[in-house]
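Working notes for the structure below.
In what follows, every chain begins at residue 1, and chains take the letters A, B, ... in the order their sequences are listed. Heavy atoms only: backbone and side chains are in, while hydrogens, waters and symmetry mates are out.
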Amino acid sequence: MNDIIIKNITRIIIPFAQAYGIFIIINGHISPGGGFAGGAIVGTSLILYTLVFGREKGKKKFSHKTSEIAESGGIMWFVTVGLIGLFIAGRFLTNLDAGFPEGVIGDILSGGMIPLLMIGIGIKVASTMISLFNLIIDEGI
Amino acid sequence: MRKILSNSLFIILFIILVYGIFQMPTGANINAPAYNDIVNHYLNSGVSETNASNIIAAILADYRGFDTLGETIVLFTSVVAVGSVLRSTKYDKEVRDHE
Amino acid sequence: MNIEQLPIINLLLFLLMALVIPLLKRRPFKLTLILGFIVLGFVFVSSGYLLWYVNNIDIIHYTFGGHEARFGIEFIIDPFSALFTTIIAGLATIIYIYSSGDATEGIEKTEYGRYYVLLFILLMSMFGILYTNDLFNTYVFIEILSITTCAIISIKKKKDTYTAAFRYVMMNELGSLSYLFGVALIYMATGFTNITLIGETMQNAYALYPVNIIIALSFMIIGLGIKAAIFPFHIWLPDAHSAAPSTSSAILSAIVIKVYILVFVKVLFRVFNIDILNEMNISTILLVLAGVGMIMGSVFAIAQKDVKRMLGYSSVAQMGYILLGVGLLSFDGLRAAFFHILSHGLMKTALFLSVGEIIYYKKTRKVNDFDGMGFIMPVAMGVFSIAALGMIGIPLTSGFISKLNLGLAVLDHNQVIFLVILIISSLLNVIYYLPIIILAFLKNEKYRYRMKSIEDTPRTMIAPLILLGVLIIILGLFPNQVMILIEAAVNSIMS
Amino acid sequence: MLILEKIIDNINYIGAVALFVIGLRIVVTHSNLIKRIMGINIMGTGVFLFFVAIGNVTGGIPPIINNNQINPVYINPIPSVLILTGIVVVVSITVYSLSLVIRIYENYNTIDQTELSKLMSEEDNEH
Amino acid sequence: MIKIPRMKIFDSMARSNSYLVGLSLFLLLVFIAFVGNWFGFNLWISNSKFYSQILDSHFIDYISIIIIVIPIIGAIIELVYGDKSIKHRDKSVIYMGFLTLIIVVMIYPVILHRTLELHIPGVFSLGLNLRIDMLGYAVLLLSAFIWFFVMIYAHEYMTKEKKSTRFFFFLSLTYSAVIGAIISGDLLMMFIFFEIMTITSYMLVIHGQNDQSYKAGYNYIIMGLIGGFLILTAIILLYFNIGDLRFESAIEKLEELGNLKYWIMGLLVFGFGIKAGMAPVHVWLPRAHPVAPTPASALLSGVMIKVGAFGIIRAASSYYFPSKDVITSINDPLWSAASHIGAIIIWTGIITMALGVFLALQQANIKKMLAYHSISQMGYIVTGIGVALYLGYEGAMGLTGAMYHIINHALFKSLLFMIAGVIYYHTKELDMYKLGGLWKKLPFTTFTFAVAALGISGIPLFNGYVSKTILHHGIVEAYEMGNHLFFYAELMFIVVSAGTVCSFIKMFYYVFLRKTTNEYKTMVFDYSSLDIAMWSMGLIIILIGLFPSFILKSLIIPILNLTNYDSYFIEHQILHLNVFKSEDLLMTLMIVGIGIIIFFVGKKFNLFHLHLPKWLSIEYLVFFPAYLFMRNLCRLMYGDRCPTDKDDYAKLSEKDVEKIGFIDRFVITSNVFNRKYEQSIIRSDALIYTFFITLILVFMLVKKHLL
């Protein structure tokens, strides 16, 4: 796809899209949305990039290694958050009793571990989408 | 013949299920059996327990956080599985030539 | 860190192991194997300890995030789940040791890492299914299990594996969706997903909305039946078993389908309590399915030319036995069924692993090529014979004990016809297992002159086989000790 | 009339069941693998719709608590949570089966179930 | 005038063997001395301190395990030697057999005094039960002797066969299984040892490893396992209804079961009857005997089929007899079950014996003929068992006859098989019409054959006469006390005995007397272990014939005393039984006369050569409906596109059951079925799902709303 218009517009759109996705992720616990939606948006933006600028550049932006680390990292993050709960409060995935910061209801920094988990989920979903997409277009028909 | 048979099967199934639905507690109001004390607990004291104003997020990440973990594992697994199918066709080609 | 953390620790260990393997890609593969063995060993020991604990001290309730069970997700470790997690861990360890002896047949080197990742996630999901006390959580784990099982079939990258895995994925998904539909209906009528709470409220829910419960139950039966390869839904099994690498087939038919039938038991006895089941008389449906399966599975198995396919069909027949025990909805029935789950697990593992060794070294899977095989691979064929005799139900093997118990349980339900079916299907087993043994040990000994050239199979492959053979015979000689544990499990499931 | 009212009351549920059966019919009758996957997806959608319909409350608002409503009626949040999980699961199954379809197409040059089984039986006869 | 053939100086092995045989005969002598209480021997032993110590020592109960384990040890040692040193290998086997024999003979006084019982809980689900009582002991002693002699015989015989190590290994394992089956204390243990015996003896049957032996062996093991499953079914039914499997009277509980008790007994009779070669299910026997090596067939006929008969006696006389203290008269309702069963068993026995003799007369192959004779002799035994059950309280005569005939038949039949083996060993020929004139070459063999033949055809002064007479008495009682139909049973009995006489005259004539062309000139007569074993058995036969009351006193009376029979009857009828009454002798004369007539008639119009058409064979007739169904199943499945004449499907219309048996036909049918349906089932995956979900929903909803 060597259409100048699409390339430019993509260049303009992608930052907004990603910003929006990240916004949704970190606002997941006070407004509609959350890790899945946000992660999907971020992932889509990167897919769009690959579609427009081709696989090679896409690789540069988000390499195979990165995606792998993100893959494992998402779950690792989730598990670590859970384990903190286990070690402090004696239960896996404990939220406030494990001493996560309560914050003020309605703020970004509230809800204890929920935002953290949301971020983990977001990373996970985004990276999964991208790597699945890459796998299919690498080996696809 | 077989098509007619299968279609009639589907019709019967559909009718049975719709008939079943008519016997179900389908009232879309807060008296439905599904809308029980658990829901009320979430709605009333969910915020104070988790400090998150989005109850769905609270349930998703806190009350039923373990489900969410499982689901991230599903994603991970799907990536690994798809990788195991799609990565490195080299061997595959050899096999096809070999056979 | 007190004992009640052990279950979640087991799960997380499997998970972390699976996550670590990709990061160890640069390191030599042996390291991964050793690490995995340590994890499996630890889990086996800890679940054994849990088994002892729940049988002698107390049942463990574990809720996540410290919420009440009704609001969050709950693990229950009772004699039932503890027993079967221990069995699974043991079998998995044996299969793991075997597979580490580079006998993951047909898998290319680059896929080993992924194979073990999938293996560990698979184990984790099975533990989760057994531990959890929440219908929806069970659904999530079931999905993980179905993806991983399909993946360890299709990892072999042959033409037929793809089609087999595709059919399997389709049927699996039908099953999962039916199960989920059932969950939805139950949630609609009761408003819970926690099994204990549902069990408490089920009685009056059935009084209010019977149709709900009936439809839910039938969808769940079919859904889990597909996954457990109950006879008319066994469609995916023969292809999957014959296509998959041997270790995967062993895991599939020795462990995975058993886990599904355990979920089945959980759903039947904990979600719907017995008097409802009797009122709807589920038992008729189950017994009919079981009886047909016991005969037809064997009849199909007789005609097979491919050994692994034959074993697959024989698993179908054996699932019929187990379903027969479950379908009696009685103490004795469950006892016999659980014992048969254990003994069939052992025997089928032994069969698949020995056949796997033969396929790996002799590159043949046709039954007719087995003549004189007993002289080339004595250990493999010996263990195969022991397990096959067990399948037939010859005394001194565990298969005999389970047949005895099943027969008594059937009489207890005064269904003499099923005793006859039991005997007939044993005879059918004779017809397709015996010729192989005779062929391997007595028929034309054209391999005899190659007695020197017995393949020196690695110890890691021989040892598990011998262990399995010994276990089968020990279980056949002294069943009582195991029976105590099983009875505890049955009591916990039926109370 | 009464039956019509019943249908209108339960239109969500009936729609869900209809989706389920339609998806099932696609899986059964169509021999194109990709169509079958779609059928599975439609079935899944039916089940999720059923869940949502359970959670639905007429005039209810999404359960996001902020104190500027007067005695609000919230919908039942649990089904939404459950299907959030379910959707993701079905997505990953779909991806996996699609990848299998890719491979099948590479090996057999067809994605039609009947032709596929014909080819496979021919191969069996060869061996 | 025979010119004395040159003797071969016999090797060290043969010498040691003959010593052993001498020792065993000495043991026999001691036994006789003990029973006959010569010069106070009996009293001396029973009063001796040592004996009384043994009697109340707990250790003696473990003897039962010891005698099971000894042969296994022998087998292991034998494997260790293997082919390296044949001498030591065979010695280990033979000595182990001898050791068992010694122990078995030695415990006679103990058994006479009390029953040895051993119970080890925890093994299997019911625990390990072993018990030696008089009934078991009689069979045990018998099999110990015969096994020992056959092992001595086998040592020399097997030198000409290959893979003799495997043969001896499985021979010893079979021995321990047989002992276990005899001395097991409950039905489950008996069944378990029975299964082991089936499998190990299978290895003996197929030892030849040619197609014929594979066919016969497959037939043998399949039928054996079927019998096993029948017994297993009976066990499950019994255990469920009675809650105990030990051999004790359970008739009170059984009476409550109505017809089920007949089903159970029927299952048991057929399950054990398959091993015992009973009439409809004997088909494995005439196939397995000729192909097995001679020692194996001698043991099959001598011991193993007896174990089948023993099983029937055991089960019937323990479960179906009222316990001793309950019943004291014949007209008690509790006897009715036994007598109903007995009537059926008698007729089965009669049919069996008639069938066996009739088929035996047509055989050319010596071993096949002997095999058919085993069937007919088993018919005698089964008839005896039937009488024992039928007459209930007064049936002592029948049981006596059965046990006595078990002993006698074991002796002369294994001896006859050994002789057939010797003939084969020297001439490599088993067709009696090809043989002839052997009496010059093998005079001693001829002599022993004469003894055995006189024994089996029931001539006075030989053992067969005694038991046949007793059985005859039994049948006579049966129709005097019971139903008059049994008069025809007696007629059959006489005819069959005549047939037996005839067929042995025939064999003696064709094989030994008849003049032939000068083949076998070069054959050397040699003197070796073969003959040692055979002579000693012939000696025993003659001894029993001369002193018929000895066995009665030593073994059978104690058995009867343990069972619940009329003690008065036992005292007066059996203890002082005189078999040499005039009418018995006259009847024997008649039988022999008829036999000779049949022989000459048959020889003149050579009826011995006529053969029945294939489709008349029992197996084909029994399975005919199944065969018909299988043949037409194809039409059902494929309609007119049925590949009837194509590939293997054509075989289904084969009439010869020797070529293709039931199992093969079944396999073929299942193949056709599979070819048609497997793939189509697999293809219609989701449809099946839809169908069943709809079906179950309809079923349950309809049920819900109708009820």
Counting only non-hydrogen atoms closer than 4.5 Å, does C:I285 touch chain E with its backbone (N, CA, C, O), its side chain (CB onward), both, or neither? side chain

By the definition side chain to side chain contact (heavy atoms under 4.5 Å, CB included), identify the one residue from E:F191, E:F194, E:F193 that meets it with C:P395. E:F191

Out of C:V416, C:L389, C:L396, which one racks up the most heavy-atom pairs below 4.5 Å with chain E? C:L396

E:L232 vs C:F400 side-chain heavy atoms within contact, under 4.5 Å: yes

What part of E:I222 lies closer than 4.5 angstrom to a heavy atom of chain C: side chain, backbone, both or neither? side chain

So which of C:G407, C:P210, C:S426 has the largest heavy-atom pair count under 4.5 angstrom toward chain E? C:S426

Give, as side chain, backbone, both or neither, the part of E:I221 having an atom under 4.5 angstrom from any heavy atom of chain C. side chain

Residue, of E:I236, E:I696, E:L188, that accumulates the most heavy atom pairs under 4.5 Å with chain C: E:I236

With rounding to the nearest 0.5 Å, note down the distance linking CD1 in E:I688 to CZ in C:F231. 7.5 Å

Chain E interface, residue from C:D412, C:I226, C:I215, C:I401 that has the most non-hydrogen pairs under 4.5 Å: C:D412

The reported gap from NZ in E:K703 to CE in C:M280 (rounded to nearest 0.5 angstrom) is 11.0 Å

When you compare the side chain of C:I424 with that of E:F229, does any pair of heavy atoms fall below 4.5 Å? no

I'd like to check C:I222 versus E:Y689 (side-chain heavy atoms, cut-off strictly below 4.5 Å). Are they in contact? yes

Portion of C:P232 that has a non-hydrogen atom of chain E nearer than 4.5 angstrom: both

Going by heavy atoms in the side chains, are C:L434 and E:L225 under 4.5 Å from each other? yes

Is E:F691 atom CZ crowded by more than 12 heavy atoms from other residues, nucleotides or ligands, each under 6.0 Å away? no

In terms of heavy-atom proximity below 4.5 Å to chain C, should E:L230 be classed as side chain, backbone, both, or neither? neither

Atom pair CD1/CZ of E:I682 and C:R167 - distance to nearest 0.5 Å: 6.0 Å

Say you draw a straight line from CG of C:L289 to CZ of E:F692; how long is it, rounded to the nearest 0.5 Å? 6.5 Å

Counting only non-hydrogen atoms closer than 4.5 Å, does C:L406 touch chain E with its backbone (N, CA, C, O), its side chain (CB onward), both, or neither? neither

Drop me the distance from E:M203's CE to C:F441's CZ, to the nearest 0.5 angstrom. 9.5 Å

Just checking E:D211: does its CG atom have more than 12 heavy atoms from other residues, nucleotides or ligands closer to it than 6.0 angstrom? no

Step by step, work out the side-chain contact (heavy atoms from CB on, under 4.5 Å) result for E:Y202 and C:I438. CA-CA 11 Å; E:Y202 168 77; C:I438 297 173; 3.2 Å; yes

Go through C:V420 and E:T233 one step at a time and tell me if the side-chain contact (heavy atoms from CB on, under 4.5 Å) criterion holds. CA-CA 8 Å; C:V420 178; E:T233 323; over 6 Å; no

Looking at chain E, which one of C:I394, C:N281, C:I221 has the largest number of heavy-atom pairs inside 4.5 Å, strictly under? C:N281

Pair count under 4.5 Å, heavy atoms only, with chain C: among E:L697, E:I693, E:I192, E:I206, highest is E:I693

Given a strict heavy-atom distance threshold of 4.5 Å, which part of C:F233 is in contact with chain E: side chain, backbone, both, or neither? side chain

Any idea which heavy atoms bring E:S670 and C:A303 closest together, and the distance? O-CB, 3.8 Å

C:M296 versus E:F673: any side-chain heavy-atom pair under 4.5 Å? yes

Gap separating the CE atom of E:M700 from the CG atom of C:L217, nearest 0.5 angstrom: 4.5 Å

So, the part of C:Y313 with a heavy atom under 4.5 Å from chain E: the answer is side chain

Side chains of C:K305 and E:N671 in contact at under 4.5 Å (non-hydrogen atoms): yes

Side chain from CB out, backbone as N, CA, C, O: work out which of these in E:F666 comes under 4.5 Å of a heavy atom of chain C, or both, or neither. side chain

Using heavy-atom distances under 4.5 Å, tell me whether C:L408 contacts chain E through its side chain, its backbone, both, or neither. both

